[in-house]
Amino acid sequence: MLVLEEMERLSLEQVVFCQDRASGLRAVIAVHSTRLGPALGGCRMRPYATEQEAVIDAMRLARGMTYKSAVFGLGYGGGKAVIIGDPAKDKSAELFRTLGRYIGYMNGRYITGVDLGTSVADMNEIAKETIYVTDTPGSVMATNDFTADMTAYGVYIGIKASANAVYGSHALLGRTVAVQGLGKVGLRLCRYLHEAGAKLIVADPDAQRVKLAVAAYGAAVSEPERIAFASCDIFAPCALGGILNEATIPQLDCRIVAGAANNQLGEEWHGELLQERDILYAPDFVINAGGMLITAREIQGGSEADMRRSVEAIDRVLRTVYRFARQTGIATSDAAGYLAERNLARA
């Protein structure tokens with residue numbers, strides 16, 4: 001991969017490569033856009049198979065954060081940091097402090113926070129080196145996995161909005177939802193759906209998480225490799241991205257795809273395949289924007305109640321996306337991207 005060419009294709013402003021032998025840090029910080037304001041986006045840690053995979057993930061995630069901010073009119077840009085490493089065995093205080101110094105060198109262009117594979121404790125180490133970090137101890141977002149809960153709450157709101165668009169009602173009583181991935185967000189989403197009367201089908205490689213969903217929510221169980229093709233009303237991808245592509249879309253047996261995962265489309269044109277199959281797709285950077293919405297509100301000094309109310313904007317924005325897609329005849333993914341780009345162009 002030619003990094004500068006890929007940056008041009010995705011319209012990225014900056015990619016920073018971070019390496020430190022003493023701490024073992026190997027990381028990439030991608031800043032997609034600061035046109036609307038400083039770039040917000042969490043720091044994730046994964047054992048990426050290759051450096052190229054890490055760079056591509058950082059770039060695509062950063063662009064998604066820009067689009068989240070733009071489509072909701074938040075006044076921030078989008079960025080993302082990714083650390084190459086196994087969060088179960090490669091973490092250290094010095095590793096995150098070193099990353100904090102790199103973030104500090106960017107002088108406020110990028111503000112980080114918790115993401116997949118990182119924690120409040122990790123953000124606390126970053127905060128020893130830079131002020132440009134959220135989700136630190138004592139903040140609302142660092143309390144009782146509030147960020148994960150609000151992300152799940154936003155997806156739940158988005159699922160109801162999508163059900164209304166397809167079935168003419170926000171009610172989920174008796175609707176079957178297949179949830180792929182039972183991490184912090186996926187499990188909390190199951191709770192919201194169960195309380196609304198939905199029937200659940202779940203899958204996760206972790207057998208203990210599956211048992212918890214079965215015991216707490218009466219969920220049926222699918223094999224992880226088959227959950228995407230379960231017969232259901234709504235498929236909710238809440239694991240890693242790229243699940244929707246030319247191989248999987250023809251096998252979907254649902255009317256709606258609405259979940260928490262980032263970059264669900266393998267390629268942008270796969271949104272058109274969903275449209276051709278008459279499957280309503282809730283664009284991921286809209287429906288999973290809860291974390292960014294509450295981050296923006298907390299930075300502005302909002303209370304916990306203010307932050308929760310801010311997530312409810314997902315219903316309004318999804319209705320706008322669906323209406324625009326119907327009026328223009330384009331895929332919902334393209335409609336959401338167009339609306340985000342339009343707001344960026346006005347900046």
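Nothing here was measured: the structure is a model prediction, and the numbers come from that model.
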Just wondering, do [Y] and [X] contact through their side chains at under 4.5 Å, heavy atoms?
| X | Y | answer |
| --- | --- | --- |
| Y167 | R255 | yes |
| H170 | D315 | yes |
| Y110 | V16 | no |
| T134 | T147 | no |
| D233 | V166 | no |
| L193 | V179 | yes |
| I256 | I159 | no |
| L25 | I83 | yes |

Heavy-atom donor-acceptor pair, [X] side chain to [Y] backbone, under 3.5 Å:
| X | Y | result |
| --- | --- | --- |
| N343 | A70 | yes |
| R277 | L252 | yes |
| Y156 | R191 | no |
| T176 | A198 | no |
| D145 | A148 | no |
| D306 | S303 | yes |
| Q275 | I330 | yes |
| S69 | M65 | no |
| D135 | V114 | yes |
| N288 | A260 | yes |

Item to check | side-chain contact (heavy atoms from CB on, under 4.5 Å) assessment of R44 paired with D57 | outcome: CA-CA 10 Å; R44 66 172 45 188; D57 200 29; 3.6 Å; yes
Next on the checklist: If you apply the rule side-chain contact (heavy atoms from CB on, under 4.5 Å), what do you find for I157 with L318, and how did you get there?
Outcome noted: CA-CA 10 Å; I157 288 171; L318 272 180; over 6 Å; no
In Å and rounded to the nearest 0.5 Å, what is the [atom1] to [atom2] distance from [X] to [Y]?
| X | Y | atom1 | atom2 | result |
| --- | --- | --- | --- | --- |
| E129 | E94 | CD | CD | 7.5 Å |
| I243 | N263 | CD1 | CG | 13.0 Å |
| K128 | I126 | NZ | CD1 | 11.5 Å |
| L274 | Q264 | CG | CD | 9.5 Å |
| I201 | Q180 | CD1 | CD | 12.5 Å |
| S169 | K160 | OG | NZ | 10.0 Å |

Checklist entry - Would L265 and Y281 satisfy side-chain contact (heavy atoms from CB on, under 4.5 Å), going step by step from the backbone distance to the final call? => result CA-CA 10 Å; L265 299 175; Y281 173 59; 3.9 Å; yes
Locate the shortest heavy-atom distance separating [X] from [Y]; write the atom from each residue and the value.
| X | Y | result |
| --- | --- | --- |
| C43 | T118 | O-OG1, 2.7 Å |
| V3 | M59 | CG1-CE, 3.7 Å |
| P87 | G85 | CD-O, 3.4 Å |
| L273 | E246 | CD1-CA, 3.9 Å |
| L187 | A213 | CD2-CB, 4.3 Å |

Checklist entry - Do the numbers put R319 on top of the ring of Y322, so that NZ or CZ is under 6.0 Å from the six-membered ring centre and no more than 45° off the axis? => result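 So R319 doesn't make the cation-pi contact.
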Item to check | Set of residues satisfying side chain to side chain donor-acceptor pair (under 3.5 Å) with respect to K91, sequence neighbours excluded | outcome: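 Testing K91 for side chain to side chain donor-acceptor pair (under 3.5 Å), a comparison that skips the adjacent residues, returns D122.
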Item to check | Stepwise side-chain contact (heavy atoms from CB on, under 4.5 Å) check, V28 with F17 | outcome: CA-CA 5 Å; V28 180; F17 293 88; 4.1 Å; yes
Please indicate whether [X] has more than 12 foreign heavy atoms, meaning atoms of other residues, nucleotides or ligands, lying under 6.0 Å from its [atom1].
| X | atom1 | result |
| --- | --- | --- |
| E225 | CD | yes |
| E268 | CD | no |
| E53 | CD | yes |

Checklist entry - Using 30° and 60° as the class limits, which term best fits the ring planes of Y217 and H194: parallel, tilted or perpendicular? => result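 Correct class here is tilted.
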Next on the checklist: Check this for me, if you would: do D149 and R308 make a salt bridge, where the nitrogen-to-carboxylate-oxygen distance has to be below 4.0 angstrom?
Outcome noted: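 Salt bridge flag = yes for R308 with D149.
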Next on the checklist: So that I can tick it off, tell me whether R26 and D90 are bridged by a salt bridge, with the cut-off set at under 4.0 angstrom between side-chain N and carboxylate O.
Outcome noted: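 Judged by the 4.0 Å cut-off on N to carboxylate O distance, D90 and R26 do not form a salt bridge.
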Checklist entry - Taking it one step at a time, do R63 and T66 satisfy side-chain hydrogen bond (donor to acceptor under 3.5 Å, both in side chains)? => result CA-CA 5 Å; R63 183 177 66 166; T66 295; over 6 Å; no
Checklist entry - Picking from T112, N124, I103, what satisfies side chain to side chain contact (heavy atoms under 4.5 Å, CB included) with V133? => result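 The single option meeting the side chain to side chain contact (heavy atoms under 4.5 Å, CB included) with V133 is T112.
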Checklist entry - Which residue pairs pass the salt bridge (Lys or Arg N to Asp or Glu O under 4.0 Å) test with at least one member in residues 208-217, sequence neighbours excluded? => result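 For residues 208-217: D204-R209, D206-R209.
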Next on the checklist: Quick test of your reading: applying salt bridge (Lys or Arg N to Asp or Glu O under 4.0 Å), list the pairs with at least one residue in residues 280-305, sequence neighbours left out, ordered by first then second residue.
Outcome noted: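 Every pair satisfying salt bridge (Lys or Arg N to Asp or Glu O under 4.0 Å) with a residue in residues 280-305: there are none.
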Item to check | Stepwise side-chain hydrogen bond (donor to acceptor under 3.5 Å, both in side chains) check, E312 with Y153 | outcome: CA-CA 9 Å; E312 294 169 0; Y153 179 55; 2.9 Å; yes
Next on the checklist: Same cluster or not: L61 versus F285, using hydrophobic residues (I, L, V, M, F, W, Y) connected whenever any side-chain heavy atoms lie under 4.5 Å apart?
Outcome noted: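 No, it is not one cluster - the side chains of L61 and F285 are not joined through contacts under 4.5 Å.
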